[in-house]
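These notes concern the structure reproduced below.
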Amino acid sequence: MENPKNIPEKFLKPYDSSETEARVYKLWEESGFFNPDNLPVASDNPNSAKSFTIVMPPPNVTGVLHMGHALGLTLQDIIIRYKRMRGFRTLWIPGTDHAAIATQSKVEKEIKKNEDKSRHDLGREEMLRRIDAFAKDSHDTIVSQIKVMGASCDWSREAFTLDVTRSRAVNTMFKKMYDDGLIYRGNRIVNWDPKGQTTIADDEIVYEERKAKLYTFKYSKDFPISISTTRPETKVGDVAVAVHPDDARYKEFVGKTYEIADFCGVPLSIKIVADESVEKGFGTGALGVTPAHSEIDWEIADRHDLPRLQVISELAKMTVGDERLKGKKVSEAREIIVEWLRAEGLLEKEEEVSQNVATAERTGGIIEPLPKLQWFINVNAKFKLQNSKLKGLETGMEVSLKEIMKNAVSSRQVAILPEHFDKTYFHWIENLRDWCISRQIWYGHRVPVWYCLHCKKQYVNLETGAKIYLTRHGETDSNKEGRIAGSIDLPLNQTGTEQAMVAAQKLKNENIDYIICSNLIRAKETAEIIQKEIGGEIIIDPELREREYGVVEGMYGKDIKPLKTYQYEGKPENGESYKEVEERIHNAFVSHRKKFEGKNILVVSHGGALRTLMKRLLDLDPMEMLARTAIKNADVIQIEISKPCENCKNDIFEQDPDTLDTWFSSGTWTFSTLGWPIDKKMGMNEKFVERIKSGDKTNTTRLEKKDWNIGDILQLENTQTGELFGYARITNIEEIPLTAEKKGTLQEYYGEKDLTEVAPTWKYSFVYSEKSDLETYHPTDVIVPAYEILFHWIARMILMSGYALETIPFHTVYLTGIVRDAKGRKFSKSLGNGIDPIEIAKKFGADAGRMALVVGTAAGTDMKISEDKIKGYRNFSNKIWNITRFVMENVETESLGSSTSKLDEIMDEWKKIAADITDDMENFRFHLASEKIYHYVWHRFADEIIEQSKTDAEIKSALIHIWTDCLKILHPFMPFVTEEIWALLPAEKRNLLMVEKWPTT
RNA sequence: GGGCGGUUAGCUCAGUUGGUAGAGCAAUCCGUUUACACCGGAAAGGUCGCAGGUUCGAGUCCUGCACCGCCCACCA
């Protein structure tokens, strides 16, 4: 077939998305236009170009993206591409979320399944390494998926909630809140998951409906009031009975206290109190108050100053009573108590009721409300606004976090789309209580609080120096048999060798400089095994040896009961007392600390020796020490050194073992991604300042290594004048040797200074700007989350931003709905109904998937998606392809034909539609905009205008003009096919379509 | 229990400030006319959940009801 117009051959075949998309994405990436610093507007107009920002809701690194993510990404990309074409300095920051509990429990489950090990078997360090590896894989998959979707985000600014820059933001935020009295540590009823051994958030609870029995009974025969409960086992922790103040039945008893000598083996002291929260009509109208095991009862105890007796342990076992109860599981205890009540004739009624049982979302464990020491954010405490940019809240006003959250939305400074969600938002805020932010898991931001080992004084963001690790040697046969070893010199057995290797793994990344061990073979072997893995020098110190047991050496521990026989000061014949050991080993410890000041050291010693050392370090009294179980073989204890405690002058500390709720870090997301807090400075000399100011925006400098990281934003300061002249965003860090050639250049900067002293070994590449990213891009413009996380996340970002920056995090919240399958079911693994966005992109093209997700999907509404729908838009891609072919074959001239009524009508109609679509884009009606352009292109332009043009030359002259406009408008929705076509259109020098100007009227 | 939505063509859903209903898919009929069969043309299909009200006029505003869904709380 002849091809007179040199139509690219590609057009003779149907559009092939699989051949196109990856190639086009690469083209975009290489153009640099995803980064607003490289956009033409940025260089034309560096300071006045209006910015437009979106931060991506970071997907959890728990696996892969699903269609819900695909919807969110598509909408964000549509907005971003549209704004970019409108000439904004457009930034879309991508990132991922470490999703603490979700990720840890996922990895834990896998390890359990594959290796039958728990996280405690692996230890904190090894577990974290495993999770990091998993998160890294998951991250890589997610990034490639985001790219497949066509997302035009700035990868140079990619962030992770757990990376160094974001961790710095978290710690800074924690300290600020702590200093302002908004963060406190307190005993509160928390949702304790006995199975996962952690606290969990209210929203990680799933309620399961179950049948339960409601028992009505009296504490004793002569107790005047009957109460009802579904949990009789908690009643041994009762301290009061609460009745409504107006309840005539009970009025006479209020204020009295009854002593119950024996309630299933436990004595109770019950006070009758009057409390408004009690419903007269429910049950007997009297409520047994168990402060330690019910949130509501805890509050009643607050109001009436009642004691709080904990009767259930973290393992969901009873902690009080005689042999009938103590140590029994709660479920067993329940039956025992019911039986007892029945036998005593105290049980009055048993009713079958249905009840919602709280269970942990992740582990399925039944939630046990327990009082625990936790960290909280007080949402009602007031603080003073320093520099408020919050509408209606002036600088100097005293506000609470709750008020900030409420105000942001009620003032319309933050608009939620669809609007009706703000009602739900307010309802939630009104019911908000203090936010528990500590979690007993390992993966996440560790609570940045250190405790003095002696006096327990708290320090936030303590700067710690060297670390000391203490470990006991691995197992010997003597340990195994439970024999006293003392100075009997036995080697490690097989288990001991393995234990030492585990310890070595734990210590691998800790940069230990010296390993100091006793002169006994079991310690030396342990030290050698560890040294093989971690390096460092071994120093043998006979003072670090085990307690000398004299005559009892070699005997079975159980036979001599050393704890009882030889107390702290007592000693076996020819042996040492613990007191003597303590003196000896502490002196040795202190001398090593002094000798290796500033170095990380590992001390390998023995059970008894380390135990007495810990006694001294923790300032325990002798009985406390004796009550502690011995340190296990190869256990590692970590101690951190810092400046002496203000209180007790000791200088060793340990960090809080808990981690922070994942929403604490994601709450900072809009500004931590933009480099907050910017408190680091890079000093520059005059020459460099000039070079930067006049020259390239991208620069490199060679400096001594500081603790800077890629992505950090630094203030640039003129070292001569102290003047602040701009910001540097670190884009790359490279270690480089100092060459002779470089030396010359450097000598210029450093003058007479000896270069060996300043010898820079690190090359920092950075982008210079006069304004920081934070100033330029924050508050962000739009955020596009699923409505499910309105409270979890959106509210918390408003809180964090309102508190730390005294501004809103974003102007508009565009909520997306849930994407369901064709039958309206949520996608889930167990149903096997998952539609993988990547599969869709492969099969039909990402463009088709994007359109299918967007057309007709209004904000905040759930949607159903099916392959049929996607197939329709695959066909549309091809339609666009073929329209282009027709238009190219029929372009006779670039100029529009002379004005005729017919032509004007068509052009006017198009302009009207384009304006209408633009209006939809401006007002977040993407579901309408996409439908309109689809409809126009296919059913008006192709079906009618092109058909008419076949016989009408006037109309033909309009085709290319309308069509290039159409491609531009289509581009945000279907970026790949339109970009590909754009490159194939006959024209001399063209921009990428992604930076073409949006057709405006 | 409290709150928020939804109910429009067989299916999935639009319908922006009230002006006598729209799209896709499916189904029906016709058509291989050189951009495209991942196509074109034609026709069909709805008293907009129910009952009241406001209005010249209501899918759209108000009241009540029914059913479905979601979120929050968790009643001892």
Side-chain angles (χ1 to χ4, degrees), chain A residues 1-2 7 11-17 202-203 205 207 209 214-216 227-231 234-235 238 241-242 277-279 281-290 293-297 300 353 355-358 418 420-428 430-432 787-788 790-791 817-818 820 822-824 826 844-845 848 851-852 855-858 860-890 916 919-920 923-925 927-932 934-935 938-939 942-944 946-947 949-950 959:
Chain A
M1 193 162 107
E2 84 276 33
I7 305 296
F11 282 109
L12 304 179
K13 282 184 287 184
Y15 171 63
D16 180 3
S17 61
D202 290 347
D203 40 65
I205 292 177
Y207 289 95
E209 188 152 335
L214 181 67
Y215 302 95
T216 303
I227 57 163
S228 302
T229 185
T230 52
R231 296 202 57 191
T234 63
K235 298 289 107 183
D238 279 15
V241 165
S277 70
V278 180
E279 261 181 63
F282 188 88
T284 62
L287 164 67
V289 182
T290 324
H293 299 286
S294 152
E295 173 97 44
I296 289 169
D297 295 8
I300 294 175
V353 290
Q355 184 189 231
N356 281 329
V357 177
H420 67 79
F421 271 98
D422 57 14
K423 290 182 198 155
T424 329
Y425 178 86
F426 292 133
H427 188 251
W428 181 79
E430 271 148 33
N431 294 310
L432 186 66
Y787 66 71
E788 299 166 286
L790 180 63
F791 311 130
I818 297 168
R820 297 165 186 278
K823 290 178 186 149
K826 271 195 179 186
F844 303 108
M851 278 298 272
V855 176
T857 309
T861 56
D862 292 357
M863 65 163 311
K864 296 177 191 175
I865 192 143
S866 60
E867 285 213 355
D868 277 346
K869 192 173 177 188
I870 300 162
K871 207 186 275 175
Y873 294 102
R874 189 266 321 259
N875 297 353
F876 183 52
S877 306
N878 193 51
K879 189 75 185 180
I880 294 170
W881 190 249
N882 282 297
I883 289 170
T884 307
R885 177 177 164 193
F886 181 87
V887 171
M888 281 165 72
E889 283 172 355
N890 288 279
D916 192 24
D919 190 54
D920 285 337
N923 291 290
F924 303 98
R925 296 187 296 255
H927 60 299
L928 296 183
S930 53
E931 193 177 339
K932 280 174 189 163
Y934 171 87
H935 198 250
W938 200 319
H939 300 297
D943 289 349
E944 294 170 4
I946 282 186
E947 287 308 315
S949 80
K950 287 177 181 171
L959 294 182

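We name chains A, B, ... by the order of the sequence lines, and we start the count at 1 in each one. Below, all heavy atoms of this structure are taken into account, side chains as well, without hydrogens, waters or symmetry copies.
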- Task: Using both distances under 3.5 Å as the test, list the Watson-Crick or G-U wobble partner of B:C50, or none.
- Result: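 Partner of B:C50: B:G64.
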
Minimum-distance nucleotide to [X] side chain [options: [options]]:
X	options	result
A:Arg925	B:A35, B:U16, B:C4	B:U16
A:Thr230	B:A76, B:A14, B:C39	B:A76
A:Ile296	B:C75, B:G5, B:C70	B:C75
A:Glu279	B:U12, B:A14, B:A76	B:A76
A:Leu287	B:A35, B:A14, B:A76	B:A76
A:Asp868	B:C13, B:C25, B:G24	B:C25
A:Phe791	B:C71, B:A35, B:A76	B:C71
A:Tyr934	B:C4, B:A35, B:G24	B:G24

- Whole-Å distance separating the NE2 atom of A:His427 from the P atom of B:A73: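 In whole Å, B:A73 P lies 10 Å from A:His427 NE2.
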
- Message: Between A:Trp881 and A:Lys13 (side chain of the first, backbone of the second, donor and acceptor by atom type, cut-off under 3.5 Å), is there such a pair?
- Response: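 Here the side-chain-to-backbone pair exists.
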
- Message: When you measure only distances, ignoring hydrogens and angles, does the side chain of A:Glu947 come within 3.5 Å of the base of B:A35 through a donor and an acceptor?
- Response: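 Answer yes: a donor N or O sits under 3.5 Å from an acceptor.
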
- Item | Check: A:Lys423 side chain, B:C4 base, donor-acceptor under 3.5 Å |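 When only heavy-atom distances are counted, A:Lys423 does not reach the base of B:C4 through any donor-acceptor pair under 3.5 Å.
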
- Could you check whether the rings of A:Tyr425 and A:Trp428 sit parallel, tilted or perpendicular, using 30° and 60° as the cut-offs?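 Ring orientation, 0 to 90° scale: tilted.
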
Quick check on [N]: is either OP1 or OP2 less than 4.0 Å from any side-chain nitrogen or oxygen of [X]?
X	N	result
A:Lys879	B:C39	no
A:Asn882	B:C38	no
A:Lys932	B:A23	no
A:His939	B:G24	yes

Indicate, with a heavy-atom threshold strictly under 4.0 Å, whether [X] touches base, sugar-phosphate, or nothing.
X	value
A:Ala286	nothing
A:Glu931	sugar-phosphate
A:Lys950	base

